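One structure below.
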Amino acid sequence: MAETENRPTNFIRQIIDKDLASGLHQQVKTRFPPEPNGFLHIGHAKSICLNFGIAEDYQGTCNLRFDDTNPAKEDISFVNSIKEDVHWLGFEWSGEARYSSDYFDRLHGFAVELIEKGLAYVDFSTHDEMRALRGTLTEPGSNSPYRDTDVQTNLQEFAKMANGEYQEGQCSLRAKIDMASPFMCMRDPVIYRVKFAHHHQTKDKWCIYPMYDFTHCISDAIEGITHSLCTLEFQDNRRLYDWVIDNITIDAHPRQYEFSRLNLEYTVLSKRRLIQLVDEKHVSGWDDPRMPTIAGLRRRGYTPGAVREFCKRIGVTKMDNMVEMGMLEACIRDDLNVNAPRAMAVLEPVKVIIENLPEGSSETLTAPNHPNDESMGIREITFSREIWIEAEDFREQANKKFKRLVLGKEVRLRNAYVIKAERVDKDDAGNITTIYCTYDEQTLGKDPADGRKVKGVIHWVDANTAAPAQFRLYDRLFNVPNPAAQENFVNAINDASLIVKNGYAESSLAHATVDDGNWQFERTGYFCCDKDSSEGQLVFNQTVGLRDTWAKIENQ
RNA sequence: UGGGGUAUAGCCAAGUUGGUAAGGCAGCGGGUUUUGAUCCCGCCAUUCGUAGGUUCGAGUCCUGCUACCCCAGCCA
């Protein structure tokens, strides 16, 4: 797609420029470190584009590292989906995928080192006791009674922890830092806890697992990461990151920099809430086309290039932000406008019979696959006595603003002839069932010879050759711009976020599959084939509609 | 006065030795058009949270306020 040319500029790249210029680093190494406890979403795409994008632009490397220190929440299915999504976005990680769990042995060794230095102790306080001693945001905490346990005892107790001799919650290993620190995370943080859980990588080898703050910085150092990029909520944690690195024996000292996470209007981007949407079946799954997940966007018809372009356009700063959905939509429209071949499909059909065409007649016409790009070629479409047009494209009467088919007036059929509506049939309820028209056989590919001006153009499909198809139209998942701010965000779910229409697609789409990419159904929007589609029953997802200034005029 | 952060248009965001407010999205006008699409042209911050100060000159430096976000998981 036509991605914007220039390299992004942001405060992180400026830091890297300085570090390279000063000789602090010869090469940059970044990492994308998801916990495999859910699917990736558009917010992760921002981080992926940042980390992998920097590696590409600076000829450095970027690792994929699963931050798998909490086996209770993780699953191998998530590591697989994460790998697939990163690849789909167009990025290649350096070497094999890494796991924090690859370093469990070394992490354990560093914990022992801290104990030996008198900088860690085994605490038998309960959760409640620990919380009570932690103090508050405005009051300092106080020391645990176990804080001054001697080194030998701590070493023994930690060994017993690892040996499975203590129950979950019975004790934990804590770093001895400062119970009066203004940084809550520095008030003797737990760095190892007991957890009898089966781990997707290390199986049942361990019953103690290191905490994030202890693991992440060391993993970065082990991998030689130069710039460890994470989101704003970890700013305080940076003090602990540095404390751990400064107090163990390790060469590297990666530097952590924080940027603001993405917020997108009318959706949620927190793992917790996305999990809830899936578990409570408010959506069909992680890849529901209404989900802001990479898998959902992919099924919806978003392209990797459009997602990357979006990440480029939103930038990277430390400012809290709430990006409008229109920004994302503009990116996919820009891509598909250039790359999606055109086709015709009628979502809500009404029958048109062209009376001055003989019964059973059929003509083969050609249509360009792209109005502004001849290289995309042409295709054949059939035209016959009975066709389908969009119900909303006909009115028995209308003012001059309505540039479509009106009783007694003319309109052009896209890629075909000018027709005139003569009369209609209605059912008992007054609904129009058939529109009878005549066509002007002199108007194929040219304006009427007598100079009549025909303003409107409508799309259509041949009733004799059209393929029945279902069209799934998606709207925002939530009714409010910031559902996460609601008391209960599921109450803000938009009931009309999925609308199903049954109509027809032109015959060239009869064998469409999920691998065929996107089309623009002219005058309607961009669509792609859904995985639910089959030869006999096509199913199309609307990726995004066309910009619709007519709708704006009508709604005012 | 607990600490850590952030304030530039409706939204995102450049602006880095102080020199007279990029760009994108959205919006609004106009042109082209067999998609009310695309494309093209034009408009859209005397002003940078706010009040002062320094300076010939401040979004950029100083001081005081204000608003919002994050931190009291054996989650990440």
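Just so it is clear, the model here is predicted, and its values are computed rather than measured. In what follows, every chain begins at residue 1, and chains take the letters A, B, ... in the order their sequences are listed. The analysis underlying the following values was restricted to heavy atoms, covering all of them including side chains, and did not include hydrogens, waters or symmetry mates.
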Write out a two-atom table: protein N or O, nucleotide N or O from nucleotides 65-67 of chain B, distance below 3.5 Å.
none

Could you tell me whether the phosphate oxygens of A13(B), OP1 or OP2, come under 4.0 Å of any side-chain nitrogen or oxygen in T317(A)? yes
Once hydrogens and angles are ignored, does a donor-acceptor distance under 3.5 Å link the base of G36(B) to the side chain of R404(A)? yes
Generate the contact string for nucleotides 24-31 of chain B. Rules: B means base contact, S means sugar-phosphate contact only, - means no protein heavy atom under 4.0 Å. BS-S----
Side-chain N or O of R134(A) less than 4.0 angstrom from OP1 or OP2 on C74(B)? yes
If the condition is side-chain hydrogen bond (donor to acceptor under 3.5 Å, both in side chains), which residues does S260(A) pass it with, not counting sequence neighbours? N321(A)
Do H459(A) and the base of U35(B) stack face to face, with centres under 5.5 Å apart and an angle between planes under 30°? no
Describe the nucleic acid contact of N37(A) in one word from base, sugar-phosphate, nothing, applying a heavy-atom distance below 4.0 Å. nothing
Across every strand shown, the nucleotide meeting Watson-Crick or G-U wobble geometry with C56(B) (both distances under 3.5 Å) is G19(B)
What form does the base of G73(B) take, syn (within 90° of 0) or anti? syn
side-chain hydrogen bond (donor to acceptor under 3.5 Å, both in side chains) involving R187(A) - partner list, sequence neighbours excluded: none
Selection: residues 257-273 of chain A, any non-hydrogen atom under 4.0 Å of RNA chain B: none
Searching all strands shown, indicate the nucleotide that pairs with C43(B) (Watson-Crick or G-U wobble; both distances under 3.5 Å). G27(B)
Is a donor-acceptor pair below 3.5 Å formed from side chain R523(A) to base U35(B), judging by atom type as modelled? no
Please classify the nucleic acid contact of K318(A) as base, sugar-phosphate, or nothing, using heavy-atom distances under 4.0 Å. sugar-phosphate
Contacts of Y99(A) that satisfy ring pair (Phe, Tyr, Trp, His ring centres under 6.0 Å) - sequence neighbours left out: F66(A)
